[in-house]
Every structure is written in C-alpha cells, then in structure tokens.
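Presented below is the structure to which this report refers.
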Amino acid sequence: MTAFVLVSGPFTGGWVWEETAARLREAGAAAYPVNLTGMTAGDGRAEEGATATAGGRRPDGEAPEDGVAAGRTPAAPEVDLETHVEDVVRAIDRAGADGHGPVVLVGHDYGIHPVLGAADRRPERCARVVYLDAGMPADGDPASAFVPDPSALARADGTTPVPAPMGAGWVRWGSTEGLTEEHLARLDRLAVPQPVRTLTQPLRLTADPSERPMTGVLCTANGGSISMVEMLVASGPPRFRALAGPDVGFFELPTGHWPMLSTPGPLAGVLLRAAAGEGVRLRLPDSASATDGGGSFLLDVPERPRRRRGRVDLHLPDAEGPRPAVVFVHGGPVDPDQRPTPRDTPFLLGHGRHAAGLGLVGATLDHRLHGLADYVRAADDLAEAVDLVRADPRVDPDRIALWFFSAGGLLAADWLAAPPPWLRCVALSYPVLAPLPDWRAVEERFRPTDRVTAASPPVVLTRAEREHPGFQATVDRFLAVAEGAGAEVERIDVPAARHGFELLDHTAETRAAVRRAARSVRARLTG
C-alpha cells in the first residue's frame, strides 16, 4: 500500500487535504494529512503531542471536523521551520509504525520546506518528493524567498505571525481559479496566521534534494507549466539541469494554486501516478553547456585590450580620444557560484570584443541577479556600472547604449521610462519584457511592456524565431504598446534561431543578425 504524507502551504492545515485524502484512500492508498504545529484553526483539534493519523482521527479516537491533527501547539513565537520539520518526521515515523514502507512526501507551496527537511532526516523512509505548485528551495533558503506577497511578511516584526489573507486577499498568494465561494469561505473560516519564523528560518539540508526521486505538479492557472520548466532546463541556471534527471517527472493540472480544494479527484490521480514513477520526462539539450559559459561565440573576433574596474570590464578599441560605449547586460538568474562569471564567458567576451572592433568601448558587467527577488539589487549594480563607465576618460559620457539579453531585459524598464539625455539607444536580444505569471517575486517596476513611451530612446530588438513561448508573449505585448505609443523600434528577426543563439546556433542568419544589431547600435551612438 502506497502511503502519502500531505503537507499544506501557509495558513492552512491538514483539513485542506480532506477530499484529496479520501480519494487516495478509496484507491487503496494510505494518506497522512499533517496539521503543522501552530497551524490549527484554534478549536482544539491539535492536542499536545498528537501525531498524524492515516484514518482521519485523533489518537483519542475523536474525528476532527476538517483534518488530521499533528504536532504540538506551543506559543506561536516558539514555532519555526525546524518545528514543522519535526512534525513531518513524526508523520513519517507514524506511517512506518503503521506498517508502511517508504512514503511519498507531498509539499504544497510553503509545505515543501518542512517536507525537504524531513526527507533529509529520514532519507531511507522517503520514496519520492512531490512539489505541488511549490518552489525549489536548497540548503540555506528561507521560505520568505518564495513568498508571493512580500508586503505581508514585511509587516511582521520577527515575532508576530503573518496574518492570514481573507476574501480577495487570497489571490495575492496564488491563483484562486477553480475555487467556489464555498471554498473561499472555508479558507477564510479555517485559515490561521503563519508563525513568522517558519518563513524566515533557513532550511538546513545535508544532501542535495535533487538527488532523490521527485515529481513536479504544476498548476497552469497559477502560471506554472511543463514548457516553463523546459525553458529553465534549457536556458536557466545550471542547477535546473537536475530537472532533466531520469527519476524526475512532471504533471500539469488546469487549475489554480489550491488543487486539493478545486480538483481533489484529479490531484489524487496525479499523486498516485507520481508514486508509480510516471510523469513527463524532460531532456537536457545537447547545447546546455552554453548556459554556464560553455560553447564558443558565433563570430571570430580578435582579442582586444581589456581593463577591469570593479564589476565592469572595458574592451577597448584601436582609436584615440573618448569613444562611445555599449554596456552589455546579461540575463539570469545566474548561480552565484557559477564560474566563470558572465563577463568571463565566451558570450560576453565575444560581444565586448565585437563592439571594440567597431570602434566602441564594449563594457561587460557582472550583476547580482541570482534569483527572481534580486532585480532591485541587479538594477543598482547596473546603475553603478553605468556611472563607472561614463566616468572613465576613455569613454564619451554623452554617448552610451545599453544592450540587454534574455531575462536581463526586465532591467531595461527604468531606462525606457526615464531615459537620461546621454542614453542614445537600448538594444534588446531575445528579451523578457514583463515578469512571467509565476514570477511573483519580481517587483512591478520591472515591466518594460508598461514603461515604453514615445520619449524612450530608440530600441533595437532582436527576436529568435524559436523563442520560448512565454518570453515571446512579453515581446509581442511590448511591440504592441510601443507601436501605440509611437516609440522607435527596429526589429531584427532571426530565422530558426533559439534563445541564446550566439552560443547555440552558428549560422549565416545568426551571424548576420548580430552584425546588423551592432551596426545599428553604433549608428545611433555616432550619428
């Protein structure tokens, strides 16, 4: 008999799994919904020392109204992530005491943090981890890094619990598509404040969670999709390559962020298939090494003198006097431990040298976009780099262009909205121009689709024909807004090219596109 330990997201307890757990039991599985410590509705269902049960009853035999009790209930300030990890460990041990073998651990949203902590402490008892519309935390990551509504956390003072959302406030924590008025009323009635230290205490792991079997269940109405994961595997930081492992599967559910309420039957079916090792498998592309600096630049450009200043390298032309400069802004997120760093990869070395060969100063930059919550920091790094470049005596401070790539395109928003007079051009190559639906950690400020106006500097936009659909949708929106506003946009379309084609697709078309874009930027700097 397969046994599932079910751990819910913030503000909710074991009651949220009631219908899904019933469907699992009807299919012959055991289900252990867990009420994490401090997460009961205050009606006495969580007794001191209680543990999860498979049959929906407390150890004293009394059936709880809406869930299965587990864990202790000390005062809220005492509850932290480690407390919840211990709760899940006890549920795993209870399943073992009931005669079950290794269990399937299901973590919804925040629940993945205590699930991973418990799996780390009971690795031999964990058959598989299911990430249910959840992030992928690693050792040292607090749950606060994945919170979709940071303003709620900001209002907590370190000891005060984070208030549960009510009514329309639930949508700030995830899509409510599929929830009825009765579901929302039930959430309002049974939700409780989240102990703040469960969100701020870092997750501590001794092993890489990607080394054990795992399944991702993505709720498409909340912005997740298998195609989005494929994009991360192909073009994202190297850590996402583990998602193309042989024992990793994916499912989609066409619903919002609470499928245990909106679609309990389909969710139970997906969980049973996950336990059987089913799911869509992803393939690591042959060219994946390009994303961490492997591969070669598509143009044969000679090495140029390079000067390093802080986060910036200046590739210098063979020319006298101050020269116009192009600041190249890489995408991300980039693993902070990635070596070489972006400015030492063939990608930025190639672009910097190519600019210098055209008589410009090619400035390449390492900014700290290590996660989706880091755009403010990356924007500050970029502003600092631009100031440094303009202050260099080899640079004409009144003739500057900014060239953004991939998800670095979001950093163009400020410069499009309020361009300084010395910014002569903005170039965008296969950019992301608005946060994707599940990029809730990105501030609204970083939305070029809403910031482009007739007063924006000229834009040179290079599009790859085989772009990721999610990225392409943001470009389409940008072009529509720019046209309506009367903004100047030169479009360069590259047939059969992929995202990051400078390292992936060495064709006559891609080489011509890079040369054309660079000449267009130079013309706007020197004209």
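These numbers come from a predicted model, not from an experiment.
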For [X], side chain to side chain contact (heavy atoms under 4.5 Å, CB included) partners two or more places apart:
X	value
Pro165	Phe11, Trp170, Trp173
Ser8	Thr12, Val16, Trp17
Arg447	Ala434, Pro435, Glu444, Thr449, Asp450
Pro266	Leu253, Thr263

Quick test of your reading of the model: are [X] and [Y] salt-bridged, counting only N-O distances below 4.0 Å?
X	Y	answer
Glu230	Arg241	no
Glu182	Arg189	no
Arg343	Asp366	yes

Walk me through whether Val129 and Val104 qualify under side chain to side chain contact (heavy atoms under 4.5 Å, CB included). CA-CA 6 Å; Val129 171; Val104 176; over 6 Å; no
Evaluate whether atom CD of Glu124 has more than 12 neighbouring non-hydrogen atoms of other residues, nucleotides or ligands under 6.0 angstrom away. yes
Enclosure of Arg121 CZ (heavy-atom neighbours >12, cutoff 6.0 Å): yes
Only one of Asp381, Asp380, Asp374 forms a salt bridge (Lys or Arg N to Asp or Glu O under 4.0 Å) with Arg368, so which one is it? Asp381
Would you find a donor on one side and an acceptor on the other, under 3.5 Å apart, between the side chain of [X] and the backbone of [Y]?
X	Y	result
Arg128	Ala275	no
Arg125	Gly101	yes
Asp208	Ser210	yes
Asp188	Gly167	yes
Asp120	Ala207	yes
Arg451	Arg445	yes
Arg204	Asp139	no
Asn222	Gly174	no
Gln201	Glu82	yes

Tell me whether the rings of Tyr110 and His84 are parallel (<30°), tilted (30 to 60°) or perpendicular (>60°). perpendicular
Students often mix this up, so state it plainly: with edges at 30° and 60°, are the rings of His499 and Phe471 parallel, tilted or perpendicular? tilted
Does Phe4 form a ring pair (Phe, Tyr, Trp, His ring centres under 6.0 Å) with Tyr32? I'd like the steps, not just the answer. CA-CA 6 Å; Phe4 295 87; Tyr32 292 78; over 10 Å; no
Of the non-hydrogen atoms in [X] and [Y], which two are nearest, and what is the gap between them?
X	Y	answer
Leu272	Leu24	CG-CD2, 3.8 Å
Gly178	Thr255	CA-OG1, 4.3 Å
Ala95	Val103	CB-CG1, 3.7 Å
Pro209	Pro137	CG-O, 4.1 Å
Gly331	Ser406	CA-CB, 4.3 Å
Ala242	Val248	O-CG2, 3.6 Å

We want to know whether Asp133 and His108 form a side-chain donor-acceptor pair, criterion being a heavy-atom distance below 3.5 angstrom. no
Between Thr83 and Thr37, is any side-chain donor less than 3.5 angstrom from a side-chain acceptor? no
What's the separation between atom [atom1] in [X] and atom [atom2] in [Y], rounded to the nearest 0.5 Å?
X	Y	atom1	atom2	result
Arg25	Thr20	CZ	OG1	10.5 Å
Leu410	Leu436	CG	CG	8.0 Å
His330	Phe404	NE2	CZ	12.0 Å
Thr341	Arg311	OG1	CZ	10.5 Å

Is it true that His113 and Phe146 have ring centroids separated by less than 6.0 Å? yes
Kindly determine whether Glu18 and Arg23 satisfy salt bridge (Lys or Arg N to Asp or Glu O under 4.0 Å), including the steps that lead there. CA-CA 9 Å; Glu18 186 178 55; Arg23 306 294 178 88; over 6 Å; no
Residues two or more places apart in sequence or in another chain: which of them pass side chain to side chain donor-acceptor pair (under 3.5 Å) with Glu252? none
Pairwise salt bridge (Lys or Arg N to Asp or Glu O under 4.0 Å) hits with a residue in residues 258-277, at least two apart: Arg273-Glu278
Run Val475 and Glu467 through side chain to side chain contact (heavy atoms under 4.5 Å, CB included) and show every step you take. CA-CA 10 Å; Val475 174; Glu467 180 61 277; 5.8 Å; no
Checking Val130 against Phe251 for the side chain to side chain contact (heavy atoms under 4.5 Å, CB included) test, could you report, in this order, the C-alpha distance in whole Å, the side-chain angles of both residues, the deciding distance, and whether it holds? CA-CA 10 Å; Val130 177; Phe251 294 92; over 6 Å; no
Set out, in order, the CA-CA distance, both residues' side-chain angles and the distance that settles salt bridge (Lys or Arg N to Asp or Glu O under 4.0 Å) for Arg90 and Asp93, then state yes or no. CA-CA 5 Å; Arg90 281 195 295 274; Asp93 292 345; over 6 Å; no
Determine whether Val79 and Arg197 satisfy the following criterion, side chain to side chain contact (heavy atoms under 4.5 Å, CB included), listing intermediate values before the conclusion. CA-CA 7 Å; Val79 179; Arg197 292 177 62 194; over 6 Å; no
